[in-house]
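This report refers to the structure that appears directly beneath it.
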Amino acid sequence: MKLLLKNCDILASDGADGYRWIKNGYLGIDGDTIDYLADEAPKTPYDQEKDMGGKLLCPGLINCHGHTPMTLLRGVGSDLPLQEWLFEKMMPIEDQFTEEDIRVGNALALLEMISTGTTSYSDMYFRAHTAVENARQAGIKANLCRPNQCFNAAETYAENVRARESIELYKTYNGAENGRILIDFAIHAEYTNFPHIVEAYSADCKALGGRMHIHLSETKKEHDECVAKYGKTPAQWFDDLGTFASPTFAAHCVWVTEEDMALMKARGVSAVHNPTSNMKLGSGFAPIPRMLDLGLNVALGTDGAASNNNLNMMEEMHLAAVLHNGFTHDPTLMKPAQVLNMATRNGARLQGRSDTGELAVGKKADVIAIDLSRPHLYPNLDPLALMVYSAQGADVAMTMVDGRILYENGEFLTLDADKILSEARKCVERLYR
């Protein structure tokens with residue numbers, strides 16, 4: 001079917017890494033792909049026309065790091081440093097998670113993400129096959145992985161069940177739903193692994209042509225203890241073990257050194273900025289402006305709902321735009337276009353999705369509509385600034401993936417929100433009784 005969205009403002013690609021503002025424009029979709037974009041009506045007819053007056057069309061947001069089942073841990077362990085938060089609060093409850101808890105926690109996260117404009121997300125969690133099935137139903141794009149960990153130095157790679165599960169997940173589901181679902185490899189972190197496991201698993205990732213998702217230098221403690229233990233930073237440790245031989249994206253990167261960033265640039269490692277999580281856990285401020293100056297690909301992520309405590313990418317954009325300006329006393333440092341790219345184009349590159357991340361002819365129709373009738377969005381004199389500084393997740397009036405509307409005007413069209421919320425309540429009652 002061919003669908004025409006009309007009478008709307010559009011933040012379209014300028015053909016490079018910038019944006020052009022089309023006022024009262026038209027965006028045409030043929031099946032799952034954008035085939036028309038202009039300020040004049042198309043000459044050829046469309047099967048259906050949809051009046052989007054009073055809306056701003058933007059590329060869908062891409063959340064590049066999270067742990068979605070942790071929605072069921074929202075509010076637990078607040079005001080603790082990461083190591084204590086993780087090992088003393090998170091893991092004891094996660095150990096009680098059933099497969100049903102994980103499925104429901106992920107479904108709850110999908111409701112939150114889809115309704116706030118996320119069209120694709122990267123997730124790191126166990127029993128990830130449940131997220132595959134949820135993504136099939138929801139219609140969202142997902143890069144999923146089962147993270148590898150090892151807590152016993154005597155364990156051999158052949159004995160590591162997590163690695164086998166990860167590889168099986170990749171072989172079974174990578175490319176499902178016409179590529180809407182991709183499977184990544186993942187190493188949780190240096191401090192939850194041993195070198196022989198990481199080296200062998202990284203070799204398998206490279207041999208299978210996979211993409212690697214890791215946590216990197218999130219806290220000073222993590223970073224410094226790695227240097228004390230191995231005589232090298234976590235980035236150098238991963239690189240020496242062959243992890244960076246595959247396309248890799250690293251979450252947090254708060255304490256990476258100048259040498260680490262040069263190494264990441266040389267190896268093509270993308271960084272995922274998680275401003276809310278890093279500030280809530282007191283981890284620090286990632287050197288994002290320096291990464292951008294060096295030409296690294298930097299994307300945005302929310303992290304899990306237990307350390308954020310939401311999955312609202314609008315909030316991450318706002319914080320990414322203002323915190324570095326304030327920290328450096330330079331109001332010109334983070335440009336709105338740069339920040340929106342971090343939430344769209346850069347995320348698409350990181351995920352290996354060259355066909356999305358911007359509104360342009362030939363790209364997939366991953367589109368969100370912002371309701372410009374809200375008082376805090378008037379006047380709309382600069383749509384880039386509006387998106388980064390003013391827009392809220394609640395302003396999303398429509399979320400579309402591959403030309404299919406998943407959410408519109410408060411209604412979920414592919415998921416049963418009432419059922420998911422009811423299931424979530426049962427999970428919470430059992431976990432915290």
Shortest non-hydrogen contact from E358 toward A16: OE1-O, 4.3 Å
By salt bridge (charged side-chain N to carboxylate O under 4.0 Å, His left out) - contacts of K280 (at least two apart): none
Closest non-hydrogen atom pair between P92 and Q96, with its separation: O-NE2, 3.4 Å
Donor-acceptor contact present, side-chain R267 to main-chain T248, <3.5 Å: no
Distance (rounded to the nearest 0.5 Å) between L144 CG and I181 CD1: 7.0 Å
Test item: R136 side-chain N/O and A176 main-chain N/O as donor-acceptor pair under 3.5 Å: no
Side chain to side chain, M334 and V388, heavy atoms closer than 4.5 Å: no
Those residues that, when tested against Q137, pass side chain to side chain contact (heavy atoms under 4.5 Å, CB included) (two or more places apart): L415
Test side chain to side chain contact (heavy atoms under 4.5 Å, CB included) applied to E94 and M70, step by step: CA-CA 8 Å; E94 287 179 301; M70 294 180 81; 3.8 Å; yes
Polar side-chain atom of R146 near backbone of H129 as donor-acceptor pair, under 3.5 Å: no
N193 and Y201: side chain donor to acceptor below 3.5 Å: no
Note, N134 side chain near R103 side chain (heavy atom, < 4.5 Å): yes
Distance in Å, T344 OG1 paired with D366 CG, rounded so as to fall on 0.5 Å steps: 11.0 Å
Smallest separation among heavy atoms of P275 and L300, with atom names: CD-CD2, 4.1 Å
No-hydrogen, no-angle side-chain donor-acceptor test under 3.5 Å, E316 and N63: no
Any side-chain heavy-atom pair of I214 and F244 under 4.5 Å: yes
Test side chain to side chain contact (heavy atoms under 4.5 Å, CB included) applied to T356 and Q351, step by step: CA-CA 10 Å; T356 189; Q351 289 190 328; 5.9 Å; no
Distance, nearest 0.5 Å, that separates OG1 of T71 from CG of N310: 12.0 Å
Flag, side chain of T192 to backbone of Q149, donor-acceptor distance under 3.5 Å: no
Steps toward side chain to side chain contact (heavy atoms under 4.5 Å, CB included) verdict (E112, T302): CA-CA 12 Å; E112 184 176 356; T302 59; over 6 Å; no
For the student: nearest non-hydrogen atoms of A320 and V339, plus distance: CB-CG1, 4.4 Å
Sequence-distant partners of D184, salt bridge (charged side-chain N to carboxylate O under 4.0 Å, His left out), two or more places apart: none
Any side-chain donor near an acceptor of the partner, R345 and S13, under 3.5 Å: yes
Short side-chain to backbone donor-acceptor contact, D371 and S373, under 3.5 Å: yes
Ring geometry between F87 and Y191 (parallel below 30°, tilted from 30 to 60°, perpendicular above 60°): perpendicular
Check: E408 side chain, M398 main-chain N or O, donor-acceptor pair, under 3.5 Å: no
Side-chain donor or acceptor of R349 paired with backbone N/O of V298 under 3.5 Å: no
Atom pair CG (L27) and NZ (K50), whose distance is rounded to the nearest 0.5 Å: 13.0 Å
Neighbour count >12 (heavy atoms, 6.0 Å) for atom CD, E168: no
Contact check, side chains of R20 and I22, non-hydrogen atoms, under 4.5 Å: yes
More than 12 heavy atoms from other groups under 6.0 Å of NZ on K206: no
Close side-chain approach of L406 and L413, heavy atoms under 4.5 Å: no
Any residue meeting salt bridge (charged side-chain N to carboxylate O under 4.0 Å, His left out) with K364, in chain and number order, not counting sequence neighbours: D32
Shortest non-hydrogen contact between A369 and K55, atoms and distance: CB-CB, 4.3 Å
Flag for Y121-T68: side-chain donor and acceptor within less than 3.5 Å: no
Full working for side chain to side chain contact (heavy atoms under 4.5 Å, CB included) between V76 and R74: CA-CA 6 Å; V76 174; R74 197 190 319 259; over 6 Å; no
Side-chain H-bond candidate by donor/acceptor type, S270 with N297, under 3.5 Å: yes
Heavy-atom check, side chain of Y173 versus side chain of E133, under 4.5 Å: yes
Side-chain heavy-atom pair H376, D395 within 4.5 angstrom cut-off: yes
Test log, rule salt bridge (Lys or Arg N to Asp or Glu O under 4.0 Å), inputs R425 and E429: CA-CA 6 Å; R425 281 191 286 271; E429 287 169 3; over 6 Å; no
Pairs where residues 19-72 contributes a residue and the test ring-ring contact (aromatic ring centres under 6.0 Å, His included) is met, not counting sequence neighbours: H65-H67, H65-H213, H65-H215, H65-H252, H67-H215
Heavy-atom pair of closest approach, residues S120 and I140: N-CG1, 4.2 Å
Gap separating the CG atom of L11 from the CG atom of L340, nearest 0.5 angstrom: 6.5 Å
Distance (rounded to the nearest 0.5 Å) between I197 CD1 and R162 CZ: 9.5 Å
Qualifying residues under salt bridge (charged side-chain N to carboxylate O under 4.0 Å, His left out), relative to K265, sequence neighbours excluded: none
Atom CG of N178 with >12 non-hydrogen neighbours under 6.0 angstrom: no
Short side-chain donor-acceptor distance under 3.5 Å, D303 and S277: yes
Under 3.5 Å: donor-acceptor pair, side chain of D123, backbone of N143: no
Within-4.5 Å side-chain heavy-atom neighbours: D35 and K2: yes
Flag, side chain of H188 to backbone of N148, donor-acceptor distance under 3.5 Å: no
